[in-house]
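Only one structure is covered here, and it is reproduced in the block below.
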Amino acid sequence: MDMDIKRLAKLAKLKFNPEEEEKFAAQMANIVAMVEKLPDLDASGPLIDPDNPMEFRKDEVVQKYRRDELIANAPEVQAGCIVVPKTVAEE
Amino acid sequence: MELYRLTATELSRMIRNKEVSSTEVTKSVFSRIKEKENEIEAYVTLNEEGALKKAAEVDEKIARGETLSSLAGIPVGIKDNICTKGLRTTCSSKMLSNFVPPYNATVINKLEEADFVCTGKLNMDEFAMGSSTETSFFKKTKNPFDTTRVPGGSSGGSAAAVASGEAIVALGSDTGGSIRQPASFCGVVGMKPTYGSVSRFGLVAFASSLDQIGPFGRCVEDVAMLTSVICGKDPMDTTSVRREYPRFEDNLSADVKGLRIGIPDVYFGEGVTEEVRQSVMNAAHKYEEMGAVLVPVTLPQPDYALAAYYIIACAEASSNLARFDGVKYGYRSPNYTSLEDLYENTRSEGFGEEVKRRIMLGTYVLSSGYYDAYYKKAKFTQNLMQDMFRKAFTQADVILCPTAPDTAFKFGENSDNQVKMYMNDILTVTVNIVGLPAISIPCGFDSKGMPIGCQLIGGKFSEQLLLNTAFAYEKAVGGFDLSRTLG
Amino acid sequence: MDTKGYEMIVGLEVHCELNTKTKIYCSCRNSFGAEVNSQCCPICMGMPGTLPTLNEKVVDYAVKMGYALNCTINPVSKQDRKNYFYPDLPKAYQISQFDIPLCEHGHLDILVDGKEKRIGITRIHIEEDAGKLIHDESFAGTLVDFNRCGVPLIEIVSEPDLRSSAEAKAYLDTIREIVIYLGISDGKMQEGSIRCDINVSVHKPGEPFGTRVEMKNVNTFSGAVRAIEYEAARQIEVLENGGTISQETRRWDDLKGCNFLLRSKEDAQDYRYFPEPDLSTIVLDENHLAELKASIPELPNKKVVRYMQTLSIPEEEARLLVESVEKAAYFEEVIAAGNIVPKDAANWILGAISRVINETGKSIAEIGIPASHLAKLIEMLEKKEISSSAGNTVFEEMLHSDKMPADIVAEKGLAQVSDQSVLQQIVDQVAAANQKSIDDYRGGKTNALGFLVGQCMKASKGKGNPAIMREMLLKILNQE
């Protein structure tokens, strides 16, 4: 197994200290060995399920939430907005 | 007779006949909670005030002569990953320890229309990831049959509450066995309905393509009654299926003459204890005595079903749990200066180890270069398994096997060995992978006095047949014995 | 710019916000400029347990664009999750389409320097927009407004078929005109309704394509032109100095007029796309697709060419007419309503009508001149039944009444007089009274003719046909 714990942690926005990382690597190795027991089969072609067509939603407005209810759970709020540390303007 | 010991079916009749009031039933359940909760620790959040208020409302409605649903006034416990408007919903995680949803899950709206009484929110494995309820951030729920043992998981709180009389019935959720395995460990009935028959809107997602909400009860009829209330197409969930869902409890029949019961050898094999095997085979023979026919069927290898399950479930979970980032709701780490810090510290401090392991596995199987070998192959394995089940159901009407390879284990017994812990799910995950309904019913006890569960698996939307089959067994054995946990 | 023999290869990814009433995955209003976090719900804010439901209009609009760009429509397609963390993305994944988009393999004909050029369309897919981050010095942090979360987008990906910034501009203009024609987007760049990412590479003709660089954050079409020019010049300079181009993403800064490295190939994001398990399959009914296909009007790029080729309208005028759906439709009604020269109708619509639109802010419908009336007016002018100054008078009157132009002409006595005997009488009178001007003309001051024609017009109260009177005057002036 060639699992790059550091890179995966970065992708998943998790952080491990070196001790945890070592323990994790060992545990993950066992788990990956378990999930590798897939049967040998041809897995080419797209993943699509045409037998389960979706019912679409009608384009009709339903507005039933107030802003204060929606941001009531937010850790930090200012001027009706949720606050995060300053980001570089990427957009 | 204490009211909390009665079934929902009995209480429903009594409430509507004005033999007892919903308030009396609710008070009985809450006094039972006060008596047992210190020992069992089934609840994360209690809703006593709300429950009594609702019970009083139901009593008023009855006094006014209104026609009410059969669930009206019945105290129901709710697994803590089902959103309840205005009532804290934590998923037993530090991450959501302060989260109060401004919306209800669709199943809660349905239960409210049926005038249920909500006792509170039940403990579970964190984000439903686990088979023992030990991964809860808040507490360890005990098995009412032996408090040194786990109640199973992830819906351990639901199973323990129903078994111990801390709720009359309860809702859980089942992604890989999370209803059936704890039902089996706690000696109660639990059903995972067909994928798509119950709306997932408001169920905090673990693995979207596998999750399904389902009922716990002390008898088959209670489970049938609760299923009838929660089933149905929901416009808010595109994966829910539009079709007629019957009132299952009105159509219960104990006749199994000529029923073809499939026995999959491989699900009685390696890892299944002799006591479990014997007990489940005795149940099979009981059916034979009642006129059913046992036929051998071939099912997917449990080990590759388990592999496919962990890949698909963890892949979806890694994405579903990405929203818990400390920005909009829930826990936010106090230690951060940059956005990156905020994300990493919040998620590292807010999630427990099992959740992190599964997020990491899911991230791995979806990452560039590994997607085809893991995720895509697992999805194709899923198709293969579906084909095998289709074939099996041409030979049998219902498939019977153990729910879990063993009975409830002791706390800490499997905590350090994830793979051993995951093996608990080996007989249940297949059903989620193929989207079928399955029910676990108690079929005896092992030498330690712990309950054993028998799993019945049906074809798509065969809930009525499953409930009937379970009902026949219940009648034949004279009901399920919970005298030790309700006493 | 000096290309030093290099050719630029440009491909565009255009994001276009659709103007549906509601968002793509929830029933919140899709509107621009509302108060912060006022157009939100638990679904578009990514709250736990919530699920998306797909807006049927989004699918219809995307399919329409697919037909407009000559795409193959996939009757069975799906949606996928693109996973990454950012505060404007509340679920930490964007629902998009990965390997099976709604529309594929299309093309768009653009007009550059009077010639049509075909640009390949790789795909069109649907996805959700992200929220808005507010950076303001007065706040210690960045503020997040979720109103834009879940606003429906189509992403239109072109083949690398564009060879200049002018072609890119023409492509963008055409896309914008088409979405406005289809009524699927406002096409308002200042509101961010259309944005694009640009892929640029350079190579010497005959050699393989160079390494491409992606540029993000291009919000205006003129900015796109500048960004392309800048990037091509940058790459040429690097190559000319013996360097190599690396595959990377750069951020365009339109104020500074240059771009910056955003991330190199090594830091490329791993989006971990996988099929969205919360949404079932998109399956489109054959009949519905046929209806959508039939609803596609003649598109502006094709109209321009038709106006040029079959109606002899010069390119610039043709473009101006086509620019607005209403103008083009009105133009076509006018030329259908009378036997008139299309160019004359174009002149009236781009002249007098456009002036009124600009002055009053009214639409053509609000101005209220029926196409048949304008056609009649043009017909009278072409037949010289009225003078051009009378034409203007009639037009002004038409703005205020719904009378037929012929009635206005009759009422106001504006009909042009061409009767030779009547006009000869007027000319003779004017000649008799202006001997000095006649002498001046004969003495070489030819501009005296203009004065004399003016006098004749005055004497005819503006109704005399000036061309005929001019001929008559010349006859007198030239006889010794």
Side-chain angles (χ1 to χ4, degrees), chain A residues 1-5 7-17 20 23-28 30-49 52-58 64-66 68-77 82-88, chain B residues 98-103 196 233 235 238-239 242 300-301 303-304 306-308 310-311 314 318 322 325-332 336-348 351 356-357 359-365 367 372-374 376-381 384 417-419 422:
Chain A
M1 191 203 58
D2 51 349
M3 197 183 229
D4 183 346
I5 300 277
R7 191 181 72 89
L8 291 174
K10 197 92 199 142
L11 275 175
K13 302 286 183 223
L14 292 170
K15 211 184 228 173
F16 300 107
N17 63 37
E20 286 174 318
K23 187 176 99 184
F24 235 80
Q27 291 174 343
M28 295 306 291
N30 289 333
I31 297 168
V32 170
M34 177 191 86
V35 302
E36 273 171 348
K37 288 180 188 152
L38 288 174
D40 230 355
L41 45 73
D42 175 25
S44 53
L47 285 176
I48 194 151
D49 178 10
N52 277 311
M54 173 166 37
E55 281 184 25
F56 299 138
R57 174 174 50 82
K58 293 255 172 280
K64 56 177 180 185
Y65 291 91
R66 297 188 322 269
D68 59 331
E69 299 177 277
L70 294 170
I71 57 177
N73 282 291
E76 193 185 343
V77 167
I82 282 163
V83 185
V84 295
K86 272 242 187 283
T87 60
V88 200
Chain B
N98 55 3
F99 179 66
V100 181
Y103 48 92
K233 168 71 185 172
T238 74
T239 62
R242 187 176 295 286
Q301 284 297 328
D303 55 349
Y304 74 59
L306 195 64
Y310 271 91
I311 290 170
C314 293
S318 71
D325 58 4
V327 173
K328 301 137 303 213
Y329 42 72
Y331 178 73
R332 177 185 278 200
Y336 64 89
T337 47
S338 69
L339 180 66
E340 203 63 13
D341 278 357
L342 168 69
Y343 283 151
E344 290 183 357
N345 292 337
T346 295
R347 290 169 60 78
S348 298
F351 287 136
K356 287 187 215 174
R357 269 192 290 274
I359 290 175
M360 289 287 279
L361 178 65
T363 306
Y364 175 62
V365 299
S367 65
D372 284 354
Y374 291 109
K376 204 168 176 196
K377 202 166 169 199
K379 292 298 279 187
F380 277 89
T381 303
L384 179 82
N417 186 338
Q418 286 77 40
V419 172
Y422 296 168

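A note on names: the letters A, B, ... follow the listed sequences, proteins ahead of strands, and every chain is numbered from 1.
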Between A:Asp40 and B:Lys377, does the side chain to side chain contact (heavy atoms under 4.5 Å, CB included) criterion hold? Intermediate values first, please. CA-CA 9 Å; A:Asp40 230 355; B:Lys377 202 166 169 199; 4.2 Å; yes
Nearest 0.5 Å, what's the CG-CG distance between B:Leu384 and A:Asp42? 11.5 Å
Between A:Ile71, A:Leu47, A:Asn30, which residue shows the highest count of heavy-atom pairs closer than 4.5 Å to chain B? A:Leu47
Closest heavy-atom pair, B:Gly326 versus A:Pro75, reported as atoms and distance to 0.1 Å, is O-CG, 3.5 Å
For A:Lys10, check salt bridge (charged side-chain N to carboxylate O under 4.0 Å, His left out) against everything at least two apart and list the hits. B:Glu340, B:Glu344
One should read off an interatomic distance between A:Met34 CE and B:Ile311 CD1, to the nearest 0.5 angstrom, of 8.0 Å
Looking only at atom types and distance, does a side-chain atom of B:Thr363 sit under 3.5 Å from a main-chain N or O of A:Ala12, one as donor and one as acceptor? no
Could you walk me through whether B:Ser367 and A:Arg7 pass the side chain to side chain contact (heavy atoms under 4.5 Å, CB included) test, one step at a time? CA-CA 10 Å; B:Ser367 65; A:Arg7 191 181 72 89; 3.6 Å; yes
Looking at chain A, which one of B:Leu306, B:Thr239, B:Asn98, B:Asp303 has the largest number of heavy-atom pairs inside 4.5 Å, strictly under? B:Asp303
Chain A contact via B:Ala308 - side chain, backbone, both or neither, heavy atoms under 4.5 Å: both
Any chance you could measure A:Lys13, atom NZ, to B:Asn345, atom CG, to the nearest 0.5 Å? 12.0 Å
Heavy-atom contact with chain B under 4.5 Å, split by part of A:Val77: neither
Can you tell which part of B:Tyr331 gets under 4.5 Å to a heavy atom of chain A, answering side chain, backbone, both or neither? neither
Considering only heavy atoms and a distance below 4.5 Å, find which of A:Val84, A:Ile5, A:Leu41 pairs most often with chain B. A:Leu41
Under 4.5 Å to a heavy atom of chain B? For A:Met54 that would be side chain
Under 4.5 Å from any heavy atom of chain B - which part of A:Pro46: backbone
Taking side chain as everything from C-beta outward and backbone as N, CA, C, O, which of these in A:Ile82 sits under 4.5 Å from a heavy atom of chain B? Side chain, backbone, both or neither. side chain
Quick one: which of B:Phe351, B:Tyr310, B:Tyr422 has the most heavy-atom pairs under 4.5 Å with chain A, could you say? B:Tyr422
Residue selection (most heavy-atom pairs with chain B, distance under 4.5 Å) from A:Leu38, A:Leu11, A:Asn52: A:Leu38
Let's test your reading of the structure: which of B:Gln418, B:Lys379, B:Gln301 forms the most heavy-atom pairs below 4.5 Å with chain A? B:Gln418
Heavy-atom distance under 4.5 Å to chain B: side chain of A:Phe56, backbone, both or neither? neither
Ignoring hydrogens, what is the shortest heavy-atom contact between A:Met28 and B:Leu361? Give both atom names and the distance. CE-N, 3.5 Å
Measure distances from B:Leu342 to the heavy atoms of chain A and classify the residue's part below 4.5 Å as side chain, backbone, both or neither. side chain
Applying salt bridge (charged side-chain N to carboxylate O under 4.0 Å, His left out) to B:Lys233 and not counting sequence neighbours gives none
Which one of B:Asp325, B:Thr381, B:Asp372 has the most heavy-atom pairs closer than 4.5 Å to chain A? B:Thr381
Please report the closest heavy-atom contact between B:Phe380 and A:Ser44, naming both atoms and the distance. CZ-O, 3.2 Å
Gap between atom CD1 of B:Ile359 and atom CG of A:Leu14 - 0.5 Å precision: 5.5 Å
Let me know if A:Ala9 has heavy atoms under 4.5 Å from chain B in its side chain, its backbone, both or neither. both
Do B:Tyr374 and A:Glu36 have side-chain N/O donor and acceptor atoms under 3.5 Å apart? yes
The test is side chain to side chain contact (heavy atoms under 4.5 Å, CB included); show your working for B:Met360 and A:Phe16 and say whether it passes. CA-CA 12 Å; B:Met360 289 287 279; A:Phe16 300 107; 3.8 Å; yes
A:Lys58 versus chain B, heavy atoms under 4.5 Å apart: side chain, backbone, both or neither? neither
Separation between OH of B:Tyr103 and CG of A:Leu70, rounded to the nearest 0.5 Å: 10.0 Å
Residues B:Lys328 and A:Asn73: side-chain donor-acceptor under 3.5 angstrom: no
Going by heavy atoms in the side chains, are A:Lys15 and B:Asp341 under 4.5 Å from each other? yes
